[in-house]
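Reviewing the structure listed below.
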Amino acid sequence: MPYQSDYLVLGSGIAGLYAALKASEQGSVVVLTKKQRAESNTNYAQGGISAAIGENDSPQAHLEDTLRAGAGLCHRDAVEHMVAAAPAVIEELCAIGVEFTRRNGGFDLGREGGHSRNRIVHAHDMTGRAIEQALLHALSVRPSVTLIEHATAVELITQHHFRSRTDASTPTCYGAYALTADGRIEQFFARATILATGGCGQVYVHTTNPSIATGDGVAMAYRAGAAIANMEFIQFHPTALYEPERTGPAFLISEAVRGAGAILRNSSGKRFMPEYDDRAELAPRDVVARAIDHELKTRGDRYVWLDLRHMDASTVWERFPTIASECARRGIMLPNDMIPVVPAAHYCCGGVLTDLNGRTSIERLYACGEVACTGVHGANRLASNSLLEGVVFAGRAIADIASAPPPAPNVIADVLPWDTSGTDNLDEWILIAHDREELQTLMWDYVGIVRSDLRLERALRRIELLRREIEDFYRRTTLSPALIELRNLVTVAWLIARSALHRKESRGLHAMSDYPTSDDRWRCDTVIVADRIECRPIP
Ligand code: FAD
Ligand code: SIN
């Protein structure tokens, strides 16, 4: 029997959980999440959530900082909505039970790169976990919500899956097929489907993102025919902990540490950031990551140092307890020892293109959080605007659906069950593991912090070959989460490389050695639909 609900939410990070909470006031909600419920990028967010609530701050100043970081590509109206809503978001999160760090009766407002004011509300250095736990707790007492763990969405259900295949109307999403814990592929139908599957950092070998971040939502939406925008704008966080023997995600050293005064030094002990930007260590991330990349390449080093030695020990341990103890576990005693750091893939500014209410180009399909391209980040996301965006646009999406709820899908009998004929358990895990590593390495080497036409063309040729091989393997093999992820990763890699090759300029996070400056002719979104790519004017 297929599952049926009013709302189907894919993902249980900040965007999915907040959407589910709001939707639960309107009707029945099913949330699918591919691992344990808390496992998400949200759960690892450190620095905090930005909101103009300080004495000398204003939404206008937050707007200006966001637009400046976005390098001419932000959708101004989207940013206006987000910064205006931010103070109320903080109040609401407190009401849900998030305990933000306080000082002298108010919030302890931190500073991060690109912000002209202290406006980062945080729960020490584990803000995301505090939010994730509070949202999960709030949802656990809502009887209208069913949360299913270890359920991996495989495909969105659209007219492509009709038995009759005669329907030529506007592409519409009726729900999703998902691989559940018992190995079956079930159908989940809903009046509206909300994609909140997060980012795709796992497409790179060095990333701060946990293993769930495989771009599933972008890949599924792309296959269903949705418009995908600005995938070339991948944010590399400047300061991930350097560990040569690391397997798995890189541990992040929050930008808030630089906000609190830490400085960057090269292997000669020289502070280098003032040579690159007047804002030094607090320049936006693209500037700091490129400066570090340049230092490493010109000096032949593998890492730079983050120096906290001038900072007060009790302040460091009180403000950054997780970072200090994770460093201590590795023999780095803060603040006396310097931390070896390198850039790592961190955030995808592009995604499934939405309007101001989270609507995608597919009827009944909404997207919010990191999977979406709402227009707020433009060519570079301002620090701590992501958690905020997740809440604001999840809320707007649910309000939009509730204002005119779509009818229950009347197509259920016409939708084909998942077809497993001709597939077998080929037991070739080595192929999956090898392809994933090959893809991650080639993305890092050729589609990384600094790009060129030559490297991107080489990357695309290899990705296209891998894509064909993986698709063939996928068609013949019994589905597993690892195979679903690999197919999505290669699709997302293609979208990133294709978009990057299209944009013949350097802007924000997209640095091209062949085109070192920005060019007004490219003040546009890169939009891909099926095999078409175009430059769409900024609204
Ligand atoms: P996520 O939180 O990643 O949740 C995605 C969910 O979708 C997960 O539950 C996942 O399991 C599920 N999922 C994925 N694919 C499928 C599928 N096929 N089927 C079912 N479920 C699926 N941003 C800030 O604003 N401030 C910060 O301080 C900050 N610090 C960060 C620190 C780190 C280490 C990292 C990695 C990111 C940080 N970010 C920060 C970015 C921010 O955390 C993320 O952008 C944000 O949490 C994304 O939220 P989300 O709900 O969109 O996605
Ligand atoms: C950090 O704490 O440095 C991450 C903040 C962010 O990604 O917004």
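Keep in mind it's a predicted model, so treat the numbers as computed, not measured. The figures that follow rest on heavy atoms only: side chains count, while hydrogens, waters and symmetry mates do not.
- In summary, Arg468 and Asp472 do not engage in a salt bridge, as defined by a charged side-chain N under 4.0 Å from a carboxylate O.
- Rounding to the nearest 0.5 angstrom, the gap separating the NE2 atom in His122 from the CD1 atom in Ile131 is 12.0 Å.
- Shortest non-hydrogen contact noted between Val376 and Val79 is O-CG2, 3.7 Å.
- Between Arg451 and the options Leu456, Leu501, Asp514, a side chain to side chain contact (heavy atoms under 4.5 Å, CB included) holds for only Leu456.
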Problem - Test log, rule side-chain hydrogen bond (donor to acceptor under 3.5 Å, both in side chains), inputs Glu389 and Thr374 - result: CA-CA 9 Å; Glu389 181 201 28; Thr374 60; 2.6 Å; yes

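- Judged purely by atom type and a 3.5 angstrom limit, Gln46 has no side-chain atom pairing as donor or acceptor with the backbone of Met126.
- For the pair Arg265 and Trp305, the cation-pi criterion (under 6.0 Å, within 45° of the ring axis) is not fulfilled.
- For His346, the ring-ring contact (aromatic ring centres under 6.0 Å, His included) test picks out His237, with sequence neighbours left out.
- Cys348 does not pair with Cys200 as a disulfide, the SG atoms being 2.5 Å or more apart.
- Taking CD from Glu437 and CG from Asp435, the interatomic distance works out to 10.0 Å, rounded to the nearest 0.5 Å.
- A salt bridge is defined here as a Lys NZ or Arg NE, NH1 or NH2 lying under 4.0 Å from an Asp or Glu carboxylate O, and Lys22 with Glu92 meets this definition.
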Side-chain polar contacts of residues 81-89 - donor-acceptor pairs under 3.5 angstrom, sequence neighbours left out - could you list them?
from	atom 1	to	atom 2	distance (Å)
His81	ND1	Arg396	NH1	3.3

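- Of the charged side-chain nitrogens involved, at least one lies within less than 4.0 Å of a carboxylate oxygen, so that Lys34 and Glu485 count as a salt-bridged pair.
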Handout entry: Step-by-step side-chain hydrogen bond (donor to acceptor under 3.5 Å, both in side chains) determination, Arg299 to Ser267
Key = CA-CA 8 Å; Arg299 303 173 61 85; Ser267 55; 3.1 Å; yes

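- The pair Glu505-Arg521 does not count as a salt bridge, with every side-chain nitrogen at least 4.0 angstrom from each carboxylate oxygen.
- Ion pairing between a basic and an acidic side chain is recognised when a charged N comes within 4.0 Å of a carboxylate O; Arg290 and Glu295 show no such pairing.
- Residue Ile496 holds its CD1 atom at 11.0 Å from CG of Leu460, rounded to the nearest 0.5 Å.
- The side-chain heavy atoms of Thr193 and Tyr366, taken from C-beta on, include no pair separated by under 4.5 Å.
- Ionic pairing of Arg76 and Glu80 is present here: one or more N-O contacts between side-chain nitrogen and carboxylate oxygen are shorter than 4.0 angstrom.
- For the pair Glu281 and Arg271, the salt-bridge criterion is met [side-chain N within less than 4.0 Å of a carboxylate O].
- In terms of heavy atoms, Ala283 sits closest to Val288 at O-CG2, 3.4 Å.
- Residues meeting the ring-ring contact (aromatic ring centres under 6.0 Å, His included) test with Trp444, sequence neighbours left out: His206, Phe236.
- Atoms NE2 and NZ, on His510 and Lys504 in that order, are 8.0 Å from each other to the nearest 0.5 Å.
- With respect to Thr526, the side-chain hydrogen bond (donor to acceptor under 3.5 Å, both in side chains) criterion is satisfied by exactly one of His502, Arg498, Arg536, Arg503: Arg503.
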Handout entry: Audit row: Arg462, Glu457, salt bridge (charged side-chain N to carboxylate O under 4.0 Å, His left out) steps and yes/no
Key = CA-CA 9 Å; Arg462 281 157 174 71; Glu457 279 159 8; over 6 Å; no

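- In summary, of the residues considered (Val490, Ile528, Ile533, Asn230), a side chain to side chain contact (heavy atoms under 4.5 Å, CB included) with Leu495 occurs for Ile528 alone.
- Atom-to-atom distance recorded for Thr214:OG1 and Leu489:CG is 5.0 Å, nearest 0.5 angstrom.
- Relative to the ring axis of Tyr446, Arg455 does not place its NZ or CZ within 45° and under 6.0 Å from the centre.
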Practice task
Might you work through the salt bridge (charged side-chain N to carboxylate O under 4.0 Å, His left out) test for Arg475 and Glu471, ending with a clear yes or no?
Solution key: CA-CA 6 Å; Arg475 301 261 159 238; Glu471 197 60 36; 2.8 Å; yes

Practice task
Using the salt bridge (charged side-chain N to carboxylate O under 4.0 Å, His left out) rule, take Glu464 and Arg467 through it: C-alpha gap first, then chi angles, then the decisive distance, then the call.
Solution key: CA-CA 5 Å; Glu464 279 166 3; Arg467 205 172 159 201; 5.8 Å; no

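- Atom SG of Cys373 is separated from atom CG of Asp525 by 6.0 Å, given to the nearest 0.5 angstrom.
- Here Tyr347 and His377 bring their ring centres to under 6.0 angstrom of each other.
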Handout entry: salt bridge (charged side-chain N to carboxylate O under 4.0 Å, His left out) assessment of Arg68 paired with Asp65
Key = CA-CA 5 Å; Arg68 196 172 312 116; Asp65 291 345; 3.2 Å; yes

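- Side chains of Asp453 and Tyr515: a donor on one and an acceptor on the other come within 3.5 Å.
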Practice task
Apply the test side-chain hydrogen bond (donor to acceptor under 3.5 Å, both in side chains) to residues Ser384 and Ser50: give CA-CA distance (whole Å), side-chain angles for both, the deciding distance (0.1 Å), then the verdict.
Solution key: CA-CA 5 Å; Ser384 288; Ser50 54; 5.8 Å; no

Practice task
Please step through side-chain hydrogen bond (donor to acceptor under 3.5 Å, both in side chains) for the pair Asn488 and Arg223, ending with a clear verdict.
Solution key: CA-CA 10 Å; Asn488 292 332; Arg223 287 194 293 269; 3.0 Å; yes

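- Smallest separation of non-hydrogen atoms from Ala153 and Ile484: O-CG2, 4.2 Å.
- Between Ile194 and Ile401, the closest side-chain pair of non-hydrogen atoms falls below 4.5 Å.
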